[in-house]
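Presented below is the structure to which this report refers.
Along the sequence shown, residues carry numbers from 1. These figures come from a predicted structure and were not determined experimentally.
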Amino acid sequence: MNHLHTALWGVLPYLCVALLVSGTAWRYRYDRFGFTTRSSQLHEHRLLSVGGPLFHFGLLFVVAGHVIGLAVPESFTERAHVHERVYHANALLVGGTAGLATLAGLVILLHRRLRVPAVRAATSRSDRVVYPVLLTVILAGLAATATTLRPHPYDYRVGVSVWFRSLFGLDPDVSAMSDAPLVYQLHALLGMALFALWPFSRLVHAFTAPLGYPARPYVVYRSRGTRHAPASRPASRPAPPPGPHAPPPDAAARR
């Protein structure tokens, strides 16, 4: 194990996490109104309505697959009587489908951003950096998934997954990652670069998910077509009779 491997797989992950947390906190403190996607739906809707759901829903399944594949140890699925061949076949089918859907959605969104002049003009400098990184992360992930089609594929659950879980114990297993194939190492490095760029791009809007939306109070709307008659005013009460010390009406009029 050399110093480069220690820097890449033992130090760099913590630096990227520190930059992600501190950068997000800094942007929330000084650029709270920038937590937005800067939506361009008004400029073009047809391609967005296709590429947006493909990318976002595909990415949700990709993230869920990574959480299961990296965080759940192999011994747990063995105790659950899930055969390793069934596990890998399911990961290949579901993960590959989700990855292809995410890639297709991103390609459509990038085509839209380059094709529509108004959307292209609204592209920031950070977008020009993040989009290529995001695209290569997805491509590297699909390439890593495709390696499981070989007769004797690399078992990432005894390599990459062990390294990933060791990071949470603050005792990174550098050798578990340094012995992984190059495509897995490239996918991990690009993923760390993406997390480091996350707070400074439009991707930060992922932290503003409306989690309280289902528990929001009801909003009462009134139809424009319904005309409600104005409420009748209560009848004015008759003036009380003058008391024994009240001035005569002529005296009140003279005043």
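Both Phe168 and Leu170 belong to a single network of hydrophobic side chains, linked directly or stepwise wherever heavy atoms of I, L, V, M, F, W or Y lie under 4.5 Å apart. Follow the hydrophobic side-chain contacts under 4.5 Å out from Val130 and you never reach Phe200; the two are in separate clusters. One hydrophobic cluster, built from ILVMFWY side chains closer than 4.5 Å, cannot hold both Val160 and Val11; they sit in different ones. Tracing side-chain contacts under 4.5 Å through hydrophobic residues (I, L, V, M, F, W, Y), one reaches Val129 starting from Val137; they form part of the same cluster. In terms of hydrophobic clustering, with Ile, Leu, Val, Met, Phe, Trp and Tyr side chains grouped at heavy-atom distances under 4.5 Å, Leu59 and Val107 are assigned to a common cluster.
Judged as a side-chain hydrogen bond (donor to acceptor under 3.5 Å, both in side chains), not a single pair has a partner in residues 91-110 (not counting sequence neighbours). For the side-chain hydrogen bond (donor to acceptor under 3.5 Å, both in side chains) condition, no pair includes a residue of residues 160-171, sequence neighbours left out.
Atom-to-atom distance recorded for Asp127:CG and Leu197:CG is 11.5 Å, nearest 0.5 angstrom. Note that the CE atom of Met177 and the OG atom of Ser175 stand 11.5 Å from one another [nearest 0.5 Å].
The minimum heavy-atom distance between Leu149 and Leu92, with the atom names listed, is CD2-CD2, 3.1 Å. Between Ala140 and Leu190 the shortest heavy-atom distance is CB-CD1, 4.3 Å. Closest non-hydrogen pair, Met192 versus Leu12, comes out as CE-CD2, 4.0 Å. The minimum heavy-atom distance linking Val183 with Ala143 is given by the pair CG2-CB, 3.7 Å. Taking both residues in full, the closest heavy atoms of Leu54 and Ala104 are given as CD1-CB, 4.4 Å, listed atom of the first, atom of the second, then distance. The two residues Ile138 and Phe55 come nearest to each other via the heavy atoms CD1-CE1, 4.5 Å.
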Check the pair Leu103 / Leu135 against side-chain contact (heavy atoms from CB on, under 4.5 Å), numbers first and verdict last. CA-CA 7 Å; Leu103 177 62; Leu135 181 61; 3.6 Å; yes
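Proximity of Leu203 to Phe195: side-chain heavy atoms (C-beta onward) are nowhere separated by under 4.5 Å. Side-chain contact between His88 and Pro153 is absent, with no heavy-atom pair separated by less than 4.5 Å. Put simply, the side chain of Trp9 reaches to within 4.5 Å of the side chain of Ser178, judged on heavy atoms. In this structure the side chain of Thr147 reaches within 4.5 angstrom of the side chain of Tyr184, judged on heavy atoms. Counting only heavy atoms from C-beta outward, the side chains of Leu15 and Leu19 never approach each other to under 4.5 Å.
Around atom OH of Tyr131, more than 12 heavy atoms belonging to other residues, nucleotides or ligands sit under 6.0 Å away. Within a 6.0 Å sphere centred on CZ of Phe57, other residues, nucleotides and ligands contribute 12 heavy atoms or fewer. Taking a 6.0 Å sphere around OH of Tyr154, one finds it holds more than 12 heavy atoms contributed by other residues, nucleotides or ligands.
Under the 3.5 Å distance criterion, the side-chain polar atoms of Arg112 are left unmatched by any main-chain donor or acceptor of Leu47. Side-chain atoms of Tyr14 come within 3.5 Å of backbone atoms of Leu167 as a donor-acceptor pair (strictly under, hydrogens ignored). His56 contributes a side-chain N or O that, together with a main-chain N or O of Gly52, makes up a donor-acceptor pair within less than 3.5 Å. A side-chain donor-acceptor contact under 3.5 Å links Arg120 to the backbone of Leu114. A donor-acceptor pair under 3.5 Å is absent between the side-chain atoms of Thr148 and the main chain of Ala144, judged by distance alone.
Both tests pass for Arg157 against the ring of Tyr87: distance under 6.0 Å to the centre and angle within 45° of the axis.
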Please table the atom pairs, donor to acceptor, closer than 3.5 Å between any side-chain atom in residues 64-76 and protein atoms at least two apart or in another chain.
unit_1, atom_1, unit_2, atom_2, d
His66, ND1, Val62, O, 2.8
His66, NE2, His187, NE2, 3.4

